[in-house]
Amino acid sequence: QKEVEQNSGPLSVPEGAIASLNCTYSDRGSQSFFWYRQYSGKSPELIMSIYSNGDKEDGRFTAQLNKASQYVSLLIRDSQPSDSATYLCAAGMNSGYSTLTFGKGTMLLVSP
Amino acid sequence: DTAVSQTPKYLVTQMGNDKSIKCEQNLGHDTMYWYKQDSKKFLKIMFSYNNKELIINETVPNRFSPKSPDKAHLNLHINSLELGDSAVYFCASSQVRTAGNTIYFGEGSWLTVV
């Protein structure tokens, strides 16, 4: 059974701080990893994707992948109240018809 | 232009009824999905179709019947609705390729069974 684990939170951070969201996955064969943001009452939207070990930066967001530890993280620098949402981690394969396995999400609350 | 669109957005119906949710994508993707998100926000795959062919069926009750008339459409029909079917149903699409499989979601259909 493929599983993706996340702490449900809520993770509370003050505005301007760094928010750190973590995720572990059980399927060692997973090759692609994604972070989605979901606002209440809305659909998940893609924030970051990462396929190789190390860091990948995009604006205020940095995704980190450690395949040996089966660990993925998302750092949000200079957190804003508008970042308050549930963040979903997902893992999948690079090829074939496999779909993504999602974690249950971590709720992030950024206070002004 | 909406990339993945699904209708209706809200649906309230009585137990035992049959209902359908329609989905269309204009991204040119070859794979479409139905995901269910329950009250605890857990997003779980139900079905996956690639070029109109069923690829994944994740032990969903046979009251749920997907239908893909072409690769741009994937509809979901639900027979004999039960209270436990109340959830948000997300249609999604992707292009299967070797460099990852990014999934794009529709806006969701909120189903309430009373």
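In what follows, chains carry the letters A, B, and so on, assigned in the order in which the sequence lines appear, proteins first and then strands, with residues in each chain numbered from 1.
Between B/Phe105 and A/Phe102, a ring centre-to-centre spacing shorter than 6.0 Å is recorded. Ring-centre distance between A/Phe33 and A/Tyr25: below the 6.0 Å cut-off.
Here the rule is side chain to side chain contact (heavy atoms under 4.5 Å, CB included) with B/Tyr33, and of B/Pro66, B/Ser48, B/Cys91 only B/Ser48 fits it. Screening B/Lys19, B/Lys36, B/Arg63 against B/Asp85 for a side chain to side chain donor-acceptor pair (under 3.5 Å) leaves a single residue, B/Arg63.
Residues of residues 75-83 of chain A never come closer than 4.5 Å to chain B when only heavy atoms are counted. Proximity to chain B at a heavy-atom threshold of 4.5 Å picks out A/Gly41, A/Lys42, A/Ser43, A/Pro44, A/Leu46 from residues 41-48 of chain A, in numerical order. At a heavy-atom cut-off of under 4.5 Å, chain B is reached by no residue from residues 54-67 of chain A.
With sequence neighbours left out, the side-chain contact (heavy atoms from CB on, under 4.5 Å) criterion links A/Lys104 to B/Phe42.
Counting only N and O atoms by type, the side chains of B/Ser20 and B/His77 include a donor and acceptor under 3.5 Å apart. Between the side chains of B/Thr112 and B/Tyr10, not a single donor N or O lies within less than 3.5 Å of an accepting N or O. Inspection of the B/Glu24 and B/Gln6 side chains reveals no N or O donor paired with an N or O acceptor under 3.5 Å.
For the atom pair B/Asp30 CG and B/Tyr49 OH, the distance stands at 15.0 Å (nearest 0.5 Å). Atoms CD and OG1, on A/Gln6 and A/Thr86 in that order, are 9.5 Å from each other to the nearest 0.5 Å.
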**Asked** Are A/Ser73 and A/Tyr71 close enough, and set up right, to give a side-chain contact (heavy atoms from CB on, under 4.5 Å), and what steps lead you there?
**Response** CA-CA 7 Å; A/Ser73 66; A/Tyr71 177 88; 3.9 Å; yes
**Request:** Check the pair A/Cys23 / A/Val4 against side-chain contact (heavy atoms from CB on, under 4.5 Å), numbers first and verdict last.
**Result:** CA-CA 7 Å; A/Cys23 163; A/Val4 175; 3.3 Å; yes
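Using a 4.5 Å cut-off between heavy atoms, B/Ile103 touches chain A through backbone and side chain atoms alike.
Salt bridge status for B/Asp38 with B/Lys44: absent, with no side-chain N to carboxylate O gap under 4.0 Å.
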